[in-house]
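Note sheet for the following structure.
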Amino acid sequence: MIIKKSEFTISSPTVSKCPEDTKAEYAFIGRSNVGKSSLINMLCNHKGLAKTSSKPGKTLLINHFIINNEWYLVDLPGYGYAKSSKTVRNKLEQMISQYILQRKQLVNVFVLIDIRHEQQKIDREFVDWLGESNVPFSIIFTKADKLSPAKAKSNALLWMKKLEDRWEALPPYFITSSETKAGRDEVLDYIDQINENLG
């Protein structure tokens, strides 16, 4: 897939305020500081599309970006940001779960995982929840440039293998780097494939 056009559409505080459109939506979510904005900008080849910040926990709204006038990339707030107050956290969790469970246009959730770390409880709980809720999702490992290719691959395989204690079929996964653009074509081809099947 070649992305010719990517533009910010709207930021919504609740799922009911999201665009009234039938186009397919692909949501991106991960823990704060996982490199989500950088990944979105890399995928779209558009440097300032999603606002990157050195402060984690900046995305507090559901952000829609229209891609090639054909589908939406949706930037969801990060989960589990410890420094935000409990009220804010609960509100965000509610907003995220309502969007994921109620949004009919949502066709896939990409869960972002920092490839440098072992499986964290918060990521695992989120992934298990998606599975229990029958939400189609894939895993994107980020920051692969911070490790050697062999170490990145073995970390990803180990992370996926740990899912086998509860999962019969494992979700698809991608190894990416916003710095080197590794994994970009694979993720975009995957989205393209889903769009074609929907069509």
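Side chains are part of it too, since the values below use all heavy atoms of this structure and drop only hydrogens, waters and symmetry mates.
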*Aromatic rings Phe110 and Tyr190: how do their planes relate, parallel, tilted or perpendicular, breaks at 30° and 60°?*
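The arrangement is perpendicular - the two ring planes meet at more than 60°.
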
Under 3.5 Å, is there a donor-acceptor pair between the side chain of [X] and the main chain of [Y]?
{"X": "Gln119", "Y": "Arg124", "result": "no"}
{"X": "Ser138", "Y": "Tyr173", "result": "no"}
{"X": "Asp75", "Y": "Ile62", "result": "no"}
{"X": "Lys36", "Y": "Leu76", "result": "yes"}
{"X": "Ser133", "Y": "Val135", "result": "no"}

To the nearest 0.5 angstrom, please state how far the [atom1] atom of [X] sits from the [atom2] atom of [Y].
{"X": "Tyr99", "Y": "Ser12", "atom1": "OH", "atom2": "OG", "value": "9.5 Å"}
{"X": "Phe174", "Y": "Leu188", "atom1": "CZ", "atom2": "CG", "value": "9.5 Å"}
{"X": "Cys44", "Y": "Arg184", "atom1": "SG", "atom2": "CZ", "value": "8.0 Å"}
{"X": "Lys23", "Y": "Asn195", "atom1": "NZ", "atom2": "CG", "value": "11.5 Å"}
{"X": "Phe8", "Y": "Asn63", "atom1": "CZ", "atom2": "CG", "value": "5.5 Å"}
{"X": "Ser38", "Y": "Lys47", "atom1": "OG", "atom2": "NZ", "value": "10.0 Å"}

*Does anything in residues 97-112 pair up under salt bridge (charged side-chain N to carboxylate O under 4.0 Å, His left out), and if so which pairs, sequence neighbours excluded?*
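Qualifying pairs: Glu25-Arg103.
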
Partner residues of [X] under the side chain to side chain contact (heavy atoms under 4.5 Å, CB included) criterion, sequence neighbours left out:
{"X": "Glu132", "result": "Asp128, Arg166"}
{"X": "Glu164", "result": "Lys161, Leu170"}
{"X": "Ile2", "result": "Lys4"}
{"X": "Gln120", "result": "Arg31, His117, Ile122, Asp123"}

Identify the two heavy atoms, one from [X] and one from [Y], that lie closest to each other, and give their separation to 0.1 Å.
{"X": "Asp192", "Y": "Met1", "value": "N-CE, 3.6 Å"}
{"X": "Thr176", "Y": "Gly183", "value": "CG2-CA, 4.1 Å"}
{"X": "Asn41", "Y": "Gly48", "value": "OD1-C, 4.3 Å"}
{"X": "Ile96", "Y": "Gly78", "value": "CD1-O, 4.3 Å"}
{"X": "Ile175", "Y": "Ala144", "value": "CG2-CB, 3.6 Å"}
{"X": "Val109", "Y": "Leu106", "value": "CG2-CD2, 3.8 Å"}

Under 3.5 Å, side-chain donor or acceptor atoms of residues 150-160 against the rest of the protein: list the pairs with distances, not counting sequence neighbours.
unit_1 : atom_1 : unit_2 : atom_2 : d
Lys151 : NZ     : Asn155 : OD1    : 3.1
Ser154 : OG     : Lys151 : O      : 3.2
Asn155 : ND2    : Ile115 : O      : 2.9

*Checking side chain to side chain contact (heavy atoms under 4.5 Å, CB included) against Phe28, which of Leu43, Val74, Val111 comes through?*
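Only match with Phe28 under side chain to side chain contact (heavy atoms under 4.5 Å, CB included): Leu43.
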
_Candidate pair Asp114 and Thr142, rule side chain to side chain donor-acceptor pair (under 3.5 Å), full reasoning_ = CA-CA 5 Å; Asp114 187 328; Thr142 61; 5.0 Å; no

